[in-house]
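Data block below; observations after.
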Amino acid sequence: MSEPRLSLIYGFVPAVTGWLASAMLIWFDVPYLVLPFSAGFFFVGPFIAVGLYDVSRRRESGNGINAQSTFGAWRRNPEQIALMGLLFLLLHLAWMRVAQLLFAFFAWRDLPSWDRFADVIWYASHNLPFLTLGVICGAVLAAIAFVIGAFSIPYLLDRPDSNLFEAIGTSAAAVRVNLRPMLLWAGLIVFLIALGMVTGLIGLVVTLPITGYATWHAYRDVVCFDGSSR
């Protein structure tokens with residue numbers, strides 16, 4: 001893994017943030033939002049990884065790498081990267097809202113305490129349609145996020161004069177033209193992030209940087225196949 005110290009920081013901070021947010025949700029007695037919130041890494045991950053993309057970009061161009069430059073990487077195209085991050089955040093909030101509606105629709109009268117929550121969700125009589133519908137809704141939102149965001153932020157970072165619409169169009173076109181390999185790539189991302197989540201977010205310390213670096217190189221191979229960069 002390149003730049004191990006920076007990589008660990010980029011993996012450690014989201015993991016700690018996830019722990020704190022999960023603890024707050026449990027503290028406020030809404031444990032059913034912990035899993036939907038944790039799934040947000042699938043939506044906001046590309047924005048979190050801006051600095052990781054910049055590490056790879058700088059290594060390619062031979063520029064020096066330091067914490068200040070990578071943490072401020074978003075300044076190369078601040079407005080458009082911020083807008084893309086906002087779009088990812090809205091998709092995450094939409095997923096959180098869908099999760100709340102699903103719980104309301106299946107009408108758990110008394111949501112269980114955290115220590116019994118998993119048992120009730122997995123073994124309740126109406127758990128199968130609940131889980132099925134939840135997976136379908138999550139998959140649809142995740143597919144939208146992947147199509148518009150697979151390469152959008154690397155594109156905005158690589159081309160400071162580009163805008164949000166160009167980035168989304170480029171990402172969507174890359175997915176459409178390379179559908180089979182991109183489906184495989186999406187599956188690998190899901191596997192790596194899920195691996196990080198099932199380990200209590202500890203695995204994200206490693207899997208998030210790996211995913212970030214791999215995404216940049218996938219962007220360079222798929223979008224910038226001629227080797228051009230700005």
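Bear in mind the structure is a predicted one, so any value in this text is a computation, not a measurement. Heavy-atom basis, side chains included; hydrogens, waters and symmetry copies ignored.
With a 4.5 Å cut-off on side-chain heavy atoms, Ile153 and Phe88 count as touching. Side-chain atoms of Asn77 and Ser162, non-hydrogen and from C-beta on, do get closer than 4.5 Å to each other. Within the 4.5 Å cutoff, the side chain of Ile148 has no heavy atoms near those of the Ser171 side chain. Residues Phe71 and Ile9 form a side-chain contact, since some pair of their non-hydrogen atoms from C-beta on lies under 4.5 Å apart.
Considering CZ of Arg57 and CZ of Arg220, their distance stands at 10.0 Å, rounded to 0.5 Å. The line from CD1 of Ile210 to CG of Leu188 is 11.5 Å long, rounded to the nearest 0.5 Å. Taking CG of Leu164 as the reference point, atom CG of Leu156 lies at 7.0 Å (rounded to 0.5 Å). Phe43 contributes atom CZ, which lies 12.5 Å from atom CD1 of Ile193 (distance to the nearest 0.5 angstrom). Taking CG of Leu83 as the start and CD of Glu79 as the end, the distance is 8.0 Å to the nearest 0.5 Å. Between atom CZ of residue Arg159 and atom OG1 of residue Thr170 there is a gap of 7.5 Å, rounded to the nearest 0.5 Å.
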Start with the C-alpha distance between Leu201 and Leu204, add both sets of side-chain angles, then the distance that settles side chain to side chain contact (heavy atoms under 4.5 Å, CB included), and finish with yes or no.
CA-CA 5 Å; Leu201 303 184; Leu204 288 176; 3.7 Å; yes
Dump the intermediate steps for side chain to side chain contact (heavy atoms under 4.5 Å, CB included) on His217 and Ser56, then the final yes or no.
CA-CA 8 Å; His217 291 293; Ser56 294; 4.1 Å; yes
In sequence, state the C-alpha distance, the side-chain angles, and the governing distance for Cys137 and Leu141, and then conclude on side chain to side chain contact (heavy atoms under 4.5 Å, CB included).
CA-CA 6 Å; Cys137 292; Leu141 287 172; 5.6 Å; no
From CA spacing to verdict: side chain to side chain contact (heavy atoms under 4.5 Å, CB included), Thr70, Leu6
CA-CA 9 Å; Thr70 57; Leu6 279 174; 3.9 Å; yes
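Judged by distance alone, the side chain of Asp158 and the main-chain N or O of Pro154 form no donor-acceptor pair under 3.5 Å. The main-chain N or O of Pro181 is never found under 3.5 Å from a side-chain atom of Asn178 such that the two would form a donor-acceptor pair. With hydrogens and angles ignored, the 3.5 Å screen pairs no side-chain donor or acceptor of Asp54 with any backbone N or O of Ala73. Arg76 places no side-chain N or O within 3.5 Å of a backbone atom of Pro160 that could act as its donor or acceptor partner.
Under the 4.5 Å side-chain heavy-atom criterion for Ile, Leu, Val, Met, Phe, Trp and Tyr, Met197 and Val190 are members of the same hydrophobic cluster. Cluster annotation: Val16 is connected to Val205 through the hydrophobic network of ILVMFWY side chains, with a link wherever side-chain heavy atoms come within less than 4.5 Å. Both Ile48 and Trp19 are members of a single hydrophobic cluster when ILVMFWY side chains are connected at heavy-atom separations under 4.5 Å. Hydrophobic clustering of Ile, Leu, Val, Met, Phe, Trp and Tyr side chains at less than 4.5 Å, counting indirect connections, unites Val44 with Leu20. Linking Ile, Leu, Val, Met, Phe, Trp and Tyr residues whenever their side-chain heavy atoms come within less than 4.5 Å leaves Ile81 and Leu89 in two separate clusters.
Looking at every heavy atom in both residues, Leu208 comes nearest to Pro14 through CD2-CG, 3.6 Å. A pairwise comparison of heavy atoms in Met84 and Ser152 identifies CE-OG, 3.4 Å as the closest pair. When all heavy atoms are compared, the tightest approach of Val198 to Leu195 is CG2-O, 3.4 Å. Across Ala150 and Met182, no two heavy atoms sit closer than the pair CB-CE, 4.0 Å. Looking at every heavy atom in both residues, Phe42 comes nearest to Ala194 through CZ-N, 4.2 Å. Phe47 approaches Gly85 most closely through the heavy-atom pair CD1-CA, 3.6 Å.
Taking the six-membered ring where tryptophan is involved, the planes of Phe151 and Tyr219 are tilted, since the angle between them lies from 30° to 60°.
Residues Tyr213 and Trp216 keep their aromatic ring centres 6.0 Å or farther apart. Here His92 and Phe37 bring their ring centres to under 6.0 angstrom of each other.
Within a 6.0 Å sphere centred on CZ of Phe12, heavy atoms belonging to other residues, nucleotides or ligands number 12 at most.
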